[in-house]
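Notes follow once the structure below has been shown.
Chain naming here is simple, since letters A, B, ... match the order of the sequence lines and numbering starts at 1 in each.
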Protein chains: 2
Amino acid sequence: MQTTNKILLGHGSGGRMMHNLITELFARHFNDPVLDQQTDAALLSFPFGNLAFTTDAFVVQPLFFTGGDIGKLSVCGTVNDLVASGATPLWISAAFIIEEGLEVSVLEDIVKSMASSARQAGVRIVCGDTKVVGKGQCDRLFITTSGIGQVQSQHLRIATGELITAGDHIIISGTLGDHGMAVLAARNELGFASKLLTDCAPLNLMVQPLLDENLDIRFMRDPTRGGLATVLCEIAENKDFGIIINEEQLPVSEAVRGMCELYGFDPLYIANEGKMLIISSPKDSSRIIEILKKSPEGRQATLIGEVSNDHTAKVLLKTQIGGTRMITMLAGEQLPRIC
Amino acid sequence: MQTTNKILLGHGSGGRMMHNLITELFARHFNDPVLDQQTDAALLSFPFGNLAFTTDAFVVQPLFFTGGDIGKLSVCGTVNDLVASGATPLWISAAFIIEEGLEVSVLEDIVKSMASSARQAGVRIVCGDTKVVGKGQCDRLFITTSGIGQVQSQHLRIATGELITAGDHIIISGTLGDHGMAVLAARNELGFASKLLTDCAPLNLMVQPLLDENLDIRFMRDPTRGGLATVLCEIAENKDFGIIINEEQLPVSEAVRGMCELYGFDPLYIANEGKMLIISSPKDSSRIIEILKKSPEGRQATLIGEVSNDHTAKVLLKTQIGGTRMITMLAGEQLPRIC
């Protein structure tokens with residue numbers, strides 16, 4: 001923490017600065033091997049079994065956007081963190097920090113949305129807390145959800161990344177950048193309405209059949225803040241393998257592509273809230289994609305690249321015109337308060 | 001939610017308004033029997049055992065006060081919610097919402113304090129999240145902690161209140177109002193320094209021997225927001241018993257008593273963060289107090305009243321001059337952002 005003495009927006013970005021903050025401050029002081037694994041959910045050896053435990057604060061602005069809201073996001077985000085850990089999500093907690101003056105009807109719409117998402121995912125919201133702060137002391141509403149899931153022993157190593165090996169296939173369950181662009185479009189400052197839809201959805205029903213069939217999944221992660229690029233960089237960092245992805249195979253909707261070009265964003269770095277990155281053995285990738293495509297959330301699932309012995313610890317993009325470009329973590333914040 | 005269409009400070013008070021918000025909005029939409037129990041931590045029948053799961057958002061202002069800070073508070077608060085549920089606290093998650101511009105040194109002091117409290121309590125902080133919002137979009141720092149604990153089958157009914165019966169004894173583990181008055185004193189607007197110390201402390205080491213000895217505990221609760229009065233009112237509400245407490249037995253420090261008189265507060269309604277209310281069978285109350293007194297946090301443990309067949313569903317205070325006064329829940333907010 002020598003480079004700055006103030007918290008900047010970039011510290012919440014999901015990129016390099018947040019990575020450093022977590023490693024050099026939180027992980028150092030909390031000093032726990034489970035926390036050091038930096039998986040999305042803590043894998044905990046309960047006396048008689050294994051549970052996954054995760055938490056996320058949601059501060060998205062605005063509270064409502066096309067296809068979703070902070071409530072739906074808070075449930076799906078926590079469900080998906082558990083799913084990425086190979087867990088079956090079971091229970092969720094919800095803590096609300098509310099600005100004095102928030103309309104009760106707004107809060108009620110959001111609570112209903114959370115309840116609906118929880119029903120859709122088959123998880124139960126089982127505990128909560130409410131705090132209210134004065135006018136101007138927070139921005140309308142923040143929600144923190146935590147989640148507990150159950151992990152079968154054979155899936156305990158999916159979240160850590162330790163199973164990844166050269167030759168593995170890299171699969172994404174659908175189009176990139178939908179959530180980030182939907183939230184950006186919903187912000188008043190852009191001054192135009194948009195049909196850009198968030199992809200926000202619970203992914204446990206899509207992923208569970210992969211676990212049930214015991215397919216050879218080496219790693220999963222939902223690429224939220226920082227986008228797919230940041231997750232791939234985290235995976236390859238300090239490893240004896242590299243990652244190659246093919247630009248022409250990356251699924252991006254026309255609407256997202258157009259908006260990214262307009263505003264100078266790269267969809268690889270834009271947040272998703274209903275997509276799963278799956279790394280699998282080459283033998284099982286076709287079957288995995290076949291199963292994903294059966295779910296509404298996975299209809300555009302596709303192979304996008306592979307793990308390689310070349311370019312150790314690096315992520316390379318093969319461009320459509322035949323070149324290669326190195327993918328790095330963002331240094332700071334691209335889109336604050338996207339989730 | 002017909003009485004108001006805006007969230008007011010009172011909705012975060014721990015009193016009647018928050019009670020209504022929880023019952024009529026959150027509980028109604030989330031619609032889960034575990035949530036409906038309104039215990040501090042969710043009691044969950046894990047496939048092979050019982051775990052407790054709880055969450056709390058902390059928005060205390062200022063971040064530092066005599067004897068504690070928001071970090072210590074966030075760990076102790078969650079530990080104590082688990083303890084009150086008859087659980088042995090195991091794991092904690094921590095989610096941070098940080099205002100752009102917060103000094104890293106301030107955050108580091110708070111993180112250290114969390115780590116220290118976790119070590120003291122013997123719990124592990126195993127997952128977390130960080131969000132940063134823009135200047136003016138939150139008030140420096142909010143922390144939400146969630147916790148998981150293990151509950152022995154014989155202690156599963158302590159949190160629900162269903163074991164309470166007329167004749168039971170009511171014990172408080174120490175002086176009332178210390179936390180609330182310490183935070184109030186630390187607020188600049190009061191304009192004077194204070195030696196008022198928060199009681200903020202993890203209570204698991206104090207309570208565990210009671211569980212190990214299988215003493216006949218009928219109920220436990222840590223009286224935080226809304227103070228002891230609010231907890232007692234919640235216990236008696238809609239029940240076929242009443243509660244009588246004796247004013248002259250209520251432990252209140254001279255400093256807290258003086259400050260309460262100065263500002264017109266009643267220590268019965270002031271938040272505590274290191275006290276446990278214990279209701280037990282009459283036969284075990286002496287032994288419970290004896291054990292509590294062996295811990296630094298329980299040295300002033302004392303019997304303060306009993307559960308009675310008179311005054312159904314009511315809480316009565318026998319005053320020092322021999323009268324009786326009915327204790328009711330606060331209607332709104334007395335001290336916002338006390339935890």
Side-chain angles (χ1 to χ4, degrees), chain A residues 1 4-9 11-12 18 21-22 25-26 29-32 34-35 41-42 44 46-49 53-57 59 91 93 95 97-98 100-105 107-108 111-112 115 124-134 137-139 142 144 146 148 150 336-337, chain B residues 1 4-9 11-12 18 21-22 25-26 29-32 34-35 41-42 44 46-49 53-57 59 91 93 95 97-98 100-105 107-108 111-112 115 124-134 137-139 142 144 146 148 150 336-337:
Chain A
M1 298 311 305
T4 169
N5 61 3
K6 283 186 188 291
I7 293 289
L8 305 174
L9 276 175
H11 282 124
M18 192 175 87
L21 184 71
I22 290 169
L25 201 153
F26 296 118
H29 290 295
F30 291 149
N31 188 26
D32 190 286
V34 172
L35 202 62
L44 303 160
F46 199 68
F48 306 96
F53 176 30
T54 187
T55 193
D56 263 310
V59 297
W91 305 304
S93 69
I97 299 174
I98 310 173
E100 181 184 25
L102 182 75
E103 299 81 3
V104 171
S105 61
L107 182 60
E108 188 155 20
V111 167
K112 283 179 184 172
R124 297 165 59 185
I125 299 169
V126 292
C127 53
D129 184 45
T130 307
K131 295 291 190 310
V132 179
V133 298
Q137 293 170 357
C138 83
D139 191 3
F142 301 145
T144 298
S146 300
I148 296 176
Q150 190 183 15
R337 299 187 57 189
Chain B
M1 297 309 303
T4 170
N5 60 4
K6 286 187 187 287
I7 293 290
L8 305 174
L9 276 176
H11 282 124
M18 192 175 90
L21 185 71
I22 291 170
L25 201 154
F26 296 117
H29 290 296
F30 291 148
N31 188 26
D32 190 287
V34 172
L35 203 61
L44 302 159
F46 199 69
F48 304 97
F53 176 30
T54 187
T55 193
D56 262 311
V59 298
W91 305 305
S93 70
I97 299 174
I98 311 173
E100 181 185 26
L102 182 75
E103 300 81 0
V104 171
S105 61
L107 183 59
E108 188 155 19
V111 167
K112 283 180 185 172
R124 298 165 59 185
I125 298 169
V126 292
C127 54
D129 183 46
T130 306
K131 295 291 190 308
V132 179
V133 297
Q137 294 169 0
C138 83
D139 191 5
F142 301 145
T144 298
S146 299
I148 296 176
Q150 190 182 12
R337 300 186 58 189

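I148(B) has its side chain within reach of I148(A): a pair of non-hydrogen atoms, C-beta onward, lies under 4.5 Å apart. Counting heavy atoms from C-beta on, the side chains of T144(B) and F142(A) never come closer than 4.5 Å. Under the 4.5 Å side-chain criterion, counting only non-hydrogen atoms from C-beta, V59(B) is in contact with I97(A).
With respect to chain B, the highest number of heavy-atom pairs below 4.5 Å among A95(A), G101(A), S105(A) belongs to G101(A).
In this structure, the portion of I98(A) lying under 4.5 Å from any heavy atom of chain B is its side chain and not its backbone.
A side-chain donor-acceptor contact under 3.5 Å links D129(B) to the backbone of A57(A).
Summarising the geometry of D56(A) relative to K131(B), their closest heavy-atom pair is OD1-NZ, 3.7 Å, with the distance given to 0.1 Å. Closest approach of C127(B) and F53(A) over heavy atoms only: SG-O, 3.2 Å.
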